[in-house]
Amino acid sequence: MNTLFRNALLAATALAGLAAAGCSGSSAPIPAPNLNSAPAGLSAHTNPSPTPVPLNFTTVDSPGSTTFNKVLDINELGVIVGTDGTGTASDPSNGYDSSPPYTKFNALNYPGALDTVSAGLSSSRYKTGYFVDRSKGHHTWGFVKDRGIWTLYKDTKAPNGPGCTTALLGINVSGQAVGYYIDINGNKQATELTVSNRHFSGFHPPGAVSATANGINQRGDVVGTETLGNGVTEGWLMRDGAYLQLVYPNAVSTQALGLNFDDDIVGSYTDVSGGTHGFILIHPNPSKEFWQSVDEPNAAGYTVLTSNNSHHAFTGWYVDSQGNTHGFVANAKQGGSGSARPVR
């Protein structure tokens, strides 16, 4: 962890100590409507302390669309993947990748697909996502592109027939990809693919009716989003076989979308007023976690962080006052100087 984030953690730890000195020390209730305790197997959550790490934002939009762009993942080299287009007949979704300084965009579309969303990439050879085919019923398939070779995937537990869906959302250097499929009841079920042997296995966050696995790091730690039986949406982290609940303090809903090697987690949350904000969670441990809310300066009440790397570069998207969606890359400022940390 670099000096900037270490100093932020030290400052946050000091604030947490001052707060603890003035309270009873009891755990705060889980800040979600109609949820009085954590589901079995998930850890309850403590009050947050701020980690005021300033960010520099750069809007990054593929020229394929002037109204809809999302940057969805960044690797350790600073290469990004994303998608433009809303996925309608007049505005199909197209995938792309781009390297710093993000002035050239390369198409990343599954051959012959109706729509493609390029959702994840590793720091080695893999890119992943999902596409809609042109068959009657429009099946959705996950894909992995490995050194120029495209392979499509369908989770073996996904039902057959029109509209069957498997989506891959993230991948690591070992060729472990994560995502979801839609089951016979129409619920999303979190899944993991091992590319080398095409084997699928599932994730089962306790209490989840529906769940997606959204990001995986080099150590195999996974973050995702789940919907509970009462309709509440929460994030989750699976590390060393154990699940940890992720709920932004006082939020109505929380989505965990990406993580780096250090298990710094990013995502989004919705507040009680209906605004959506990005978040950074440093040190996801019930007794040590530190949260930071993030809003892109040009956003009109809607910012989402989608991924982060170990050099503290972040990606995401926001909606502006005209209702247009833009992608972005953000970098931590160095030592308060106002200069952006370079994406490497």
Side-chain angles (χ1 to χ4, degrees), residues 1-9 12 51-58 60 70-82 97 99-100 119-128 168-179 192 212-225 235-240 244 246 248 254-269 278-285 288-294 303-317 327-334 340-344:
M1 185 176 294
N2 67 12
T3 302
L4 173 66
F5 269 59
R6 184 181 296 111
N7 289 342
L9 280 172
T51 56
V53 178
L55 300 174
N56 274 337
F57 291 86
T58 301
V60 177
K70 292 182 177 181
V71 181
L72 298 178
D73 200 9
I74 188 168
N75 69 12
E76 295 300 306
L77 304 175
V79 181
I80 61 172
V81 293
D97 63 35
S99 300
L121 78 167
S122 72
S123 294
S124 54
R125 66 201 207 197
Y126 300 112
K127 294 183 174 70
T128 196
L168 297 176
L169 305 177
I171 194 165
N172 66 13
V173 295
S174 300
Q176 296 169 291
V178 296
E192 179 177 356
T212 62
N214 301 325
I216 183 168
N217 67 12
Q218 295 93 318
R219 297 191 294 192
D221 301 337
V222 177
V223 291
T225 300
W236 53 270
L237 166 68
M238 196 281 290
R239 179 171 54 192
D240 298 328
L244 175 68
L246 303 173
Y248 192 93
T254 304
Q255 297 191 73
L257 301 177
L259 76 170
N260 64 13
F261 184 82
D262 296 318
D263 282 348
D264 299 332
I265 296 169
V266 298
S268 66
Y269 71 95
F279 73 76
I280 302 168
L281 170 59
I282 299 173
H283 214 315
N285 181 299
K288 299 179 181 179
E289 60 188 10
F290 301 102
W291 297 84
Q292 176 177 345
S293 183
V294 175
T303 298
V304 174
L305 286 181
T306 56
S307 73
N308 55 326
N309 66 19
S310 297
H311 307 297
H312 306 301
F314 304 85
T315 66
W317 52 276
F328 67 79
V329 174
N331 294 275
K333 296 179 181 179
Q334 297 186 44
R341 179 174 301 280
V343 182
R344 299 193 295 248

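Everything quoted here is computed from the prediction, not taken from an experiment.
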Does the side chain of [X] reach to within under 4.5 Å of the side chain of [Y], using non-hydrogen atoms?
X      : Y      : answer
Lys127 : Asp73  : no
Thr306 : Lys70  : no
Val294 : Val266 : no
Leu281 : Tyr248 : no
Trp236 : Val222 : yes
Asp97  : Leu121 : no

Partners of Arg219 by salt bridge (Lys or Arg N to Asp or Glu O under 4.0 Å), sequence neighbours excluded?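 Arg219 satisfies salt bridge (Lys or Arg N to Asp or Glu O under 4.0 Å) with Asp221, Asp263 once adjacent residues are dropped.
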
Closest approach of [X] and [Y], non-hydrogen atoms and distance?
X      : Y      : answer
Pro100 : Gly78  : CD-O, 3.5 Å
Val60  : Val71  : O-CG2, 3.7 Å
Ser174 : Tyr126 : C-CE1, 4.3 Å
Pro284 : Leu237 : CG-CD2, 3.9 Å
Asn309 : Asn75  : ND2-O, 3.0 Å
Phe279 : Leu305 : O-CD1, 3.3 Å

Out of curiosity, [X] [atom1] to [Y] [atom2], how far, rounded to the nearest 0.5 Å?
X      : Y      : atom1 : atom2 : result
Phe314 : Leu55  : CZ    : CG    : 5.5 Å
Leu72  : Trp317 : CG    : CH2   : 9.5 Å
Asn217 : Ser307 : CG    : OG    : 12.5 Å
Ile282 : His312 : CD1   : NE2   : 7.5 Å
Ile265 : Asn260 : CD1   : CG    : 9.0 Å
Trp291 : Ile280 : CH2   : CD1   : 11.5 Å

Listed by chain and number, what are the side chain to side chain donor-acceptor pair (under 3.5 Å) partners of Ser122, not counting sequence neighbours? Ser124

Identify, with sequence neighbours excluded, every residue that meets side chain to side chain donor-acceptor pair (under 3.5 Å) alongside Gln176.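 Applying side chain to side chain donor-acceptor pair (under 3.5 Å) to Gln176 gives Asn172, Glu192.
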
For Val173, is there any backbone N or O sitting under 3.5 Å from a side-chain donor or acceptor partner on Gln218?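 Here the side-chain-to-backbone pair does not exist.
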
Could you tell me whether a side-chain N or O of Ser123 sits under 3.5 Å from a main-chain N or O of Glu76, the two making a donor and an acceptor? yes

